[in-house]
Amino acid sequence: MNYNSTRDKNKVVTAAQAIAQGISDEGGLFVPQELPFYSLEQIGELCKGDYKARAKKIMGDFLTDFTADEISESVDAAYASEKFGSDDPAPISYVDIGGVQSAVLELWHGPTCAFKDMALQILPHLLTKSVKKTCADKQAVILVATSGDTGKAALEGFCDVEGTKIMVFYPVDGVSPMQKRQMATQKGSNVSVMAIRGNFDDAQTGVKKIFTDPEIKEKLAENDMLFSSANSINWGRLLPQIVYYFSAYCELVNDGKIQLGEKINVAVPTGNFGNILASYYAMKMGLPVGKFICASNSNNVLTDFISTGTYDRKRHFYTTISPSMDILVSSNLERLLYDLTDGNAQKVAGWMKELGENGSYTVDDATKAKLTALFTGGCCDDEMTKKTISTIYTQENYLCDTHTAVAFDVYAQYVKNTGDKTTTVIASTASPYKFSAAVLSSVSADKLPDDEYDTVELLSSKTGTEIPAPLAALKNAEVRFTAECEVDEMPKSVLEGLGIC
Ligand SMILES: *Cc1c(COP(=O)(O)O)cnc(C)c1O
């Protein structure tokens with residue numbers, strides 16, 4: 001199976017090239033030329049296996065230039081029970097949300113307690129194999145822009161992986177204290193972390209610019225290095241996410257909650273549009289899905305896009321209690337647009353150009369009609385997020401994080417507005433302990449302690465829930481990274497970090 005760029009149909013690369021390179025030269029994203037399709041019978045077969053077996057089958061069908069052994073090795077190492085606390089890396093809790101028993105898909109049992117681990121535990125395996133296949137002995141330099149969770153998950157995934165270096169940029173005031181601590185204390189000899197004085201979009205744009213800067217690229221080439229990306233623009237990030245939607249469906253069938261073939265809905269707290277896009281690809285591959293419910297916080301650019309067909313980033317940027325969704329440019333939407341226009345790279349390139357130059361674009365009526373037939377959007381501000389955490393905790397005895405709460409609320413709005421009670425998989429994307437101050441203040445009227453760990457401990461004693469081991473272990477970890485820079489100093493800091501300026 002080969003891959004095209006969303007902005008240039010003449011670009012054709014293998015899976016290994018797509019993963020090693022991360023992004024296409026002209027700025028487009030790599031997409032598979034066709035998707036595998038599974039009949040209900042084949043989905044029934046998936047239901048008989050465990051998570052790893054499902055991952056091997058699905059990923060194998062996309063990574064046709066990898067051997068079965070390479071895929072098997074990667075999957076077994078990534079989803080080992082030591083990393084995810086059990087043999088099921090993505091367990092389901094059944095919780096009543098908006099009056100409907102819903103399947104809460106907990107994607108945060110990995111080493112950094114956010115759903116990014118589902119992809120970033122396996123990406124280093126896929127990436128190092130891809131680099132070997134495509135450019136032999138080069139060292140891969142992974143640049144990451146993060147709104148908090150990707151950075152730590154990528155650092156953890158790539159920590160001391162031979163033949164790689166990783167550099168992470170995060171907005172100095174745009175991450176939670178726990179997220180900052182997780183990154184600042186990262187171990188490993190090939191890692192570095194930098195706070196930038198700007199927001200996530202600045203960080204992301206800065207990284208994209210460095211990627212496509214011909215001078216910097218040449219410097220790297222001279223030093224036998226090449227850039228790659230661990231952001232969700234990398235196909236190797238998206239692909240592993242398709243797996244858990246199939247897996248959740250199988251669990252629902254196995255638990256007797258639905259019949260094989262019955263449609264489900266999917267609700268996802270969305271930022272860069274990677275997670276929800278993976279569920280869309282799963283549907284295109286045969287998974288019975290009716291509606292995709294796209295949940296945003298106050299940065300509701302996607303809510304507006306889905307209802308009007310106009311994407312307009314020229315608006316106030318809110319720093320919210322769900323920081324991993326504080327995004328105004330949702331990169332992966334480009335892949336959806338490519339698919340909805342039946343692969344019209346010219347059209348997509350035009351819209352992306354307008355977005356870059358004017359900050360907005362409007363899709364044509366046909367694309368808009370396709371979009372709204374499948375997607376519905378909604379948003380939830382901080383106050384409602386906290387209220388939702390409190391209600392679900394009090395009524396259901398289920399403690400959720402701020403991002404998941406946004407999805408819960410938007411899903412409840414959807415049920416109220418439509419009466420659609422189709423069984424829904426709601427993606428739960430982080431442990432409540434990553435955002436303990438916001439979560440604690442939602443479920444308790446007590447004054448918050450000043451110290452992050454006192455807050456974590458109080459949340460645990462108040463709610464009788466366990467502090468995830470990886471977060472507990474950070475309490476006494478050494479802080480290694482405290483540097484800050486301006487956005488326009490990012491290229492310099494990369495070259496300096498690599499020792500090639
Ligand atoms: C990254 C992240 C999101 C947003 O996911 P996208 O794939 O960017 O849409 C939501 N919640 C949490 C906790 C995250 O870390």
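Start at 1 with the first residue, then count along the sequence. We count ligands from 1, going down the list as the structure has it; atoms in each ligand are counted the same way.
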Check your understanding: Where do Tyr245 and Asn275 land on the side chain to side chain donor-acceptor pair (under 3.5 Å) test, with the steps shown first?
Key -> CA-CA 10 Å; Tyr245 289 105; Asn275 201 358; 2.8 Å; yes
Going by atom types alone, do [X] and [Y] pair a side-chain donor with an acceptor below 3.5 Å?
| X | Y | result |
| --- | --- | --- |
| Thr402 | Ser322 | no |
| Glu334 | Thr6 | yes |
| Asp326 | Asn297 | yes |
| Gln204 | Ser331 | yes |

**Study point:** Side-chain (Ser330) to main-chain (Gly271) donor-acceptor, under 3.5 angstrom
**Key:**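 Checking the backbone N and O of Gly271 against the side chain of Ser330, a donor-acceptor pair under 3.5 Å is found.
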For ligand 1 and [X], I'd like to know whether there is a polar contact (N/O to N/O, distance under 3.5 Å).
| X | answer |
| --- | --- |
| Gly271 | yes |
| Phe435 | no |
| Asn272 | yes |
| Gln241 | no |

**Study point:** Aromatic ring pairing Tyr79/Tyr51, orientation class (parallel under 30°, perpendicular over 60°, tilted between)
**Key:**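 Perpendicular, since the angle between the ring planes exceeds 60°.
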Check your understanding: In terms of residue, atom name and distance, what is the protein heavy atom nearest to atom 7 (O) of ligand 1?
Key ->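 Result for atom 7 (O) of ligand 1: Asn275 N, 2.9 Å.
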Point to revise | Protein contact of atom 14 (C) of ligand 1 - nearest heavy atom, named by residue and atom, plus distance | key: Lys116 NZ, 2.8 Å
Review point. Would the Trp235 and Phe62 ring centres measure less than 6.0 Å apart?
Key: yes
Check your understanding: Would you call Glu156-Lys152 a salt bridge at under 4.0 Å N-O?
Key ->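 Salt bridge flag = yes for Lys152 with Glu156.
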If the cut-off is 4.0 Å to any non-hydrogen atom of [X], which atoms of ligand 1 fall inside it?
| X | answer |
| --- | --- |
| Thr429 | 10 (C), 11 (N), 12 (C), 13 (C) |
| Ala430 | 13 (C) |
| Asp149 | 12 (C), 13 (C), 14 (C), 15 (O) |
| Gly274 | 6 (P), 7 (O), 9 (O) |
| Pro269 | 4 (C), 10 (C) |
| Thr270 | 9 (O) |

**Study point:** Close approach of Ser232 to ligand 1, heavy atoms, under 4.0 angstrom
**Key:**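 Heavy atoms of Ser232 never come under 4.0 Å of ligand 1.
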**Study point:** ligand 1 versus Phe273: contacting region, heavy-atom distance under 4.0 Å
**Key:** backbone
